[in-house]
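Below is one structure, written out as structure tokens, with a few remarks after it.
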Amino acid sequence: MDLRLSEKHSALQADLQAFITRYAAEAPKAGGGRKRPDARTLDWQKRLVEHGYAARTVPRAYGGFGAELDVVELAVIADAFVQAGVHPGLSNQGISMLVPTLLEVGTEAQRQEWIGPTIRGDVIWCQGYSEPGAGSDLAAAQTRAELKDGHFIVNGQKIWTSSAHYADMMFLLCRTEPDRPKHQGLSYLILSMKTPGIEVRPLRTMTGRAEFNETFFTDVKVPAENIVMGRGQGWHVANITLKHERLMLGDSNRLTQRLHKLTEMLQRLEVGGEKLIAIPSLRDRLLQLQGEVFAWRAHGLRLLTDQSRGVDSGLRRLITKYGATMLCFRLSSLAVDALGTAGLPYEVESETVEGDEATTWHVDHFYDIGLIIGGGSSNIQKNIIGERGLDLPREPKMIGVAAGRN
Amino acid sequence: MEFDLSEDQRLFGESLSGFLQDRQPLEALRRMAEPGSGFDAGLWDGLTELGLHGLLVPEQFGGAGLGVLDAAAAAEALGGTAAVVPFAASTVMATLALLRLGSPAQQAAYLPGIAAGEIRIGVGFAGRTGQTGPAEARLDGTRLSGRISGALDAGAPTHLLVCLPDGRAVLTGAAEAGVSVSSHRTIDRTRPVADLVFDGAAAEILGSSNRGPAALASVLDAGRVVLAADTVGAAQTMLDRAVAYAKERAQFGRVIGSFQGVKHACADMATMLEPCRAMVWYAAHAQDSIPAEARLWACQVKAHVGDVGREVARISTEVHGGMGFTDLLGLHYWFKRIAFNRQALGGPERCRHDAAVEQGWIVA
């Protein structure tokens with residue numbers, strides 16, 4: 001057990017301090033969320049990549065910083081920006097999910113073409129996975145792509161495509177081999193959102209915003225070379241991508257930040273001349289949540305050590321998405337409870353306008369439900385934990401239930 | 001940066017587990033637990049040979065000179081096997097009290113005996129832990145009088161350590177004139193609690209009231225971390241047994257672990273429990289190396305692991321169905337082990353109160 005940073009990591013930490021002191025004024029506001037990055041954000045991202053504080057391990061040939069993977073370095077970097085409350089650079093589905101996927105299984109031409117613009121924030125991606133009839137059972141996807149004259153012709157519908165309304169590109173899971181068993185009949189394509197035949201309709205959610213969309217495909221032509229890995233390999237590629245998404249959703253930094261924000265609010269707000277933190281029932285709930293956040297923080301250190309050793313964390317990794325998203329919801333629950341009736345007024349004009357403190361907490365509180373469901377819902381996570389983590393047997397298949405091509 | 005047990009710590013935990021599983025199968029556990037003294041001479045001697053009692057005793061006094069993290073790794077093995085052995089108070093807290101409050105002469109007088117397994121020290125608190133029941137002690141010169149309930153590891157003690165509200169601790173022989181020890185069997189037959197009555201007993205004073213309070217609080221903190229580690233071990237056993245049972249018990253023509261109702265219950269246990277292990281490691285490491293965070297983490301780990309332990313104990317028993325409720329499987333030894341750990345040295349509410357004080361959110 002040694003939580004001290006090595007000389008190399010301490011030096012990195014010092015560099016980060018110096019960088020943040022010097023450049024923080026140029027950073028866009030932290031948070032900011034689900035919109036196309038503005039010029040200020042793009043400049044900031046460029047600076048971060050130049051210094052190796054974003055896209056650190058992406059090879060130089062593809063526009064990254066080209067450092068060897070060292071997960072402790074990545075943690076030191078993330079921590080410095082969190083502590084300083086400074087924008088840590090872009091985090092979107094292209095950067096977090098597509099880039100690692102292309103690095104793992106993309107062709108050289110695909111990497112050359114897409115990784116650079118994606119990490120710079122010039123190209124925004126959306127994810128074409130879920131369908132109305134293929135949610136938790138993602139492999140049942142029925143959006144068809146038929147190869148004709150050097151192009152895949154795509155027809156069908158996707159749902160939950162966040163950022164599709166401003167994205168440039170999509171990575172798409174679709175059925176190219178309808179005669180093969182369902183998991184082997186899928187392929188993973190990348191396509192421009194400007195291709196004729198794509199219609200994007202906003203999907204308003206319980207937050208009052210339209211964070212998601214429905215995307216319709218009518219005879220959309222995608223060049224045959226835009227396939228990642230081969231025909232019928234789509235399920236494999238999609239799982240590489242999902243692994244990166246679940247790790248992102250289970251990040252314990254998010255919990256720590258939220259606990260700090262909540263604690264600060266309970267120490268600041270008063271009711272009847274009494275600080276909220278002086279009210280025993282609220283304080284005890286905060287303390288319970290603090291204990292849970294501590295547990296996940298320590299668990300995060302353990303996962304980091306696994307990663308730096310190249311060890312598969314198994315069960316330890318599988319529990320993070322379910323555990324962390326549920327805890328996140330309970331943190332925002334205490335916040336909205338503490339705000340009481342003063343927290344009820346709620347006006348959400350658009351995704352780009354920042355709300356006041358109460359609105360922000362309520363948006364988080366609603367959106368947390370989305371995170372519990374998205375990226376593999378809590379019930380699916382519990383199946384995964386039980387089956388892959390604890391080696392419990394799978395549910396026997398029902399016979400005679402329409403389930404596509406089983 | 002390396003957040004893990006060392007190879008030595010892991011191996012020591014494993015050899016301890018192996019030894020206890022071998023020496024204390026369920027029938028032996030029943031026999032050792034029945035008297036309720038929390039002490040079995042044969043098991044104790046075997047553990048002396050393994051070096052358990054001297055874990056925290058410096059090498060110059062015949063121990064291994066290790067820290068609270070090593071004690072936590074050992075405690076996880078003890079909880080995992082519901083071991084009938086005094087540890088948290090006798091081995092960890094008493095040793096630390098001597099190291100942190102005792103004079104060199106006192107250390108030389110007691111620590112070698114602890115490491116050799118000749119000295120077992122029951123520990124009681126006059127205040128500080130939020131315990132119910134009598135907790136008063138007063139010193140008249142070097143004479144101790146008073147009444148302390150809920151003392152730990154005092155089923156077969158050679159000595160008693162009483163922690164006073166002013167930050168000093170007092171050590172007496174258990175068989176001294178003016179000392180009476182009434183040990184009670186508890187819900188957890190593997191460990192008792194005792195009422196201690198002192199009537200002008202000759203006592204040795206550890207520490208002074210100016211340096212004492214912080215040092216004595218740190219002894220309590222270490223005890224809380226070690227009890228939390230014991231719970232993690234016991235809860236892991238309950239989870240493992242539930243999963244094993246769910247894989248073999250069949251109903252409706254299927255093993256019950258294939259039903260989502262059961263599978264999800266197991267997944268919930270794993271999701272709650274696994275981070276607790278890392279939390280115990282961090283809290284124990286803080287005791288050894290991060291003084292600024294030590295107290296807060298000790299309070300929080302005791303509280304949170306206590307809550308998780310209760311949930312895991314309940315769910316595991318439920319997964320076993322009616323069999324879990326019987327005495328036949330012996331699952332209840334672990335259920336009760338967890339329940340004992342939850343109450344001892346301050347339950348979750350008391351520990352969170354202490355955490356709030358530590359952060360300046362309320363005044364003590």
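Naming convention: chains lettered A, B, ... in sequence-line order (proteins, then strands); numbering from 1 in each chain.
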*For B/Glu293, is it the side chain, the backbone, both or neither that has a heavy atom under 4.5 Å from a heavy atom of chain A?*
side chain

*Where does B/Gln359 contact chain A at under 4.5 Å (heavy atoms): side chain, backbone, both or neither?*
side chain

*Report yes if some heavy atom in the side chain of A/Asp2 is under 4.5 Å from a heavy atom in the side chain of B/Phe3; otherwise report no.*
no

*Are side-chain heavy atoms of A/His299 and B/Glu274 found at a separation under 4.5 Å?*
yes

*Do the charged groups of B/Asp268 and A/Lys382 touch, with an N to O distance under 4.0 Å?*
yes

*Does any heavy atom of chain B fall under 4.5 Å from the side chain of A/Leu390, the backbone, both, or neither of them?*
both

*Take A/Glu292 and B/His304 through the test side chain to side chain contact (heavy atoms under 4.5 Å, CB included) and record every step on the way to the result.*
CA-CA 7 Å; A/Glu292 293 186 52; B/His304 177 60; 3.3 Å; yes

*Just do the side chain to side chain contact (heavy atoms under 4.5 Å, CB included) check on B/Asp4 and A/Met1 with the steps written out, would you?*
CA-CA 5 Å; B/Asp4 197 359; A/Met1 184 70 66; 5.7 Å; no

*Could you tell me which of B/Leu296, B/Asp288, B/Leu239 has the largest number of non-hydrogen atom pairs under 4.5 Å with chain A?*
B/Leu296

*List the atom of A/Thr305, the atom of B/Glu2, and the distance in Å for their closest heavy-atom pair.*
OG1-C, 4.0 Å

*In terms of heavy-atom pairs under 4.5 Å, which option from A/Asp284, A/Val72, A/Leu315, A/Leu304 contacts chain B the most?*
A/Asp284

_Between B/Tyr282 and chain A, with a heavy-atom cut-off of 4.5 Å, which part of the residue counts as in contact: side chain, backbone, both or neither?_
side chain

*asked:* For the SG atom of B/Cys266 and the CD atom of A/Glu387, what is their distance to the nearest 0.5 Å?
replied: 12.0 Å

_Exercise: identify the closest heavy-atom pair between B/Ala246 and A/Leu392_ = CB-CD2, 4.0 Å

*Identify the residues of residues 273-281 of chain A whose heavy atoms come closer than 4.5 Å to a heavy atom of chain B, ordered by number, or report 'none'.*
A/Ile277

_Residue part contacting chain B, namely of A/Asp306, when any heavy atom lies under 4.5 Å_ = neither

_Out of A/Arg283, A/Gln290, A/Arg316, return the one with the most heavy atom pairs under 4.5 angstrom to chain B._
A/Gln290

*Mind listing the closest non-hydrogen atom pair of A/Glu395 and B/Arg254 along with its distance?*
OE2-NH2, 3.4 Å

*Between A/Ile385 and B/Ala270, what is the shortest heavy-atom contact and its length?*
CG2-CB, 4.4 Å

*CZ of B/Arg310: more than 12 outside heavy atoms within 6.0 angstrom?*
no

_With a 4.5 angstrom heavy-atom cut-off, is it the side chain or the backbone of A/Gln267 that approaches chain B, or both, or neither?_
side chain

_Test your reading of the model: is there a side-chain donor-acceptor pair from B/Gln300 to the backbone of A/Leu287, 3.5 Å cut-off?_
yes

*A/Arg394 CZ: over 12 foreign heavy atoms closer than 6.0 Å*: no

*Which atoms of A/Leu286 come close to chain B, meaning under 4.5 Å heavy atom to heavy atom: side chain ones, backbone ones, both, or neither?*
side chain

*Toward chain B, the part of A/Leu266 with a non-hydrogen atom under 4.5 Å*: neither

*Which answer fits A/Arg4, side chain, backbone, both or neither, if we ask what part of it has an atom under 4.5 Å from a heavy atom of chain B?*
backbone

*asked:* Applying side-chain hydrogen bond (donor to acceptor under 3.5 Å, both in side chains) to A/Gln288 and B/Asp307, what does each step give before you reach the verdict?
replied: CA-CA 9 Å; A/Gln288 287 185 39; B/Asp307 283 346; 5.4 Å; no

*With only heavy atoms counted, which part of A/Ser378 is less than 4.5 Å from chain B, the side chain, the backbone, both or neither?*
neither

*Do the side chains of A/Ile319 and B/Pro275 get nearer than 4.5 Å, heavy atoms only?*
yes

*Distance-minimising heavy-atom pair for B/Met1 and A/Leu5*: CG-CD2, 4.4 Å

*asked:* Applying side chain to side chain contact (heavy atoms under 4.5 Å, CB included) to B/Trp281 and A/Leu301, what does each step give before you reach the verdict?
replied: CA-CA 11 Å; B/Trp281 292 353; A/Leu301 291 172; over 6 Å; no

*Quick one: pull up SG in B/Cys276 and CZ in A/Phe294 and give me the separation to the nearest 0.5 Å.*
13.5 Å

*Roughly how far, to the nearest 0.5 Å, is CG of A/Leu318 from OG1 of B/Thr271?*
9.0 Å

*Would you name the heavy atoms of A/Arg297 and B/Trp297 that are closest together and state the gap between them?*
NH2-CZ2, 4.1 Å

*In terms of heavy-atom proximity below 4.5 Å to chain A, should B/His264 be classed as side chain, backbone, both, or neither?*
both

*For chain A, which of B/Glu349, B/His353, B/Gln9, B/Arg352 has the most heavy-atom pairs under 4.5 Å?*
B/Arg352

*Sort out for me which of A/Gly389, A/Gly386, A/Pro396 touches chain B most, counting heavy-atom pairs under 4.5 Å.*
A/Pro396

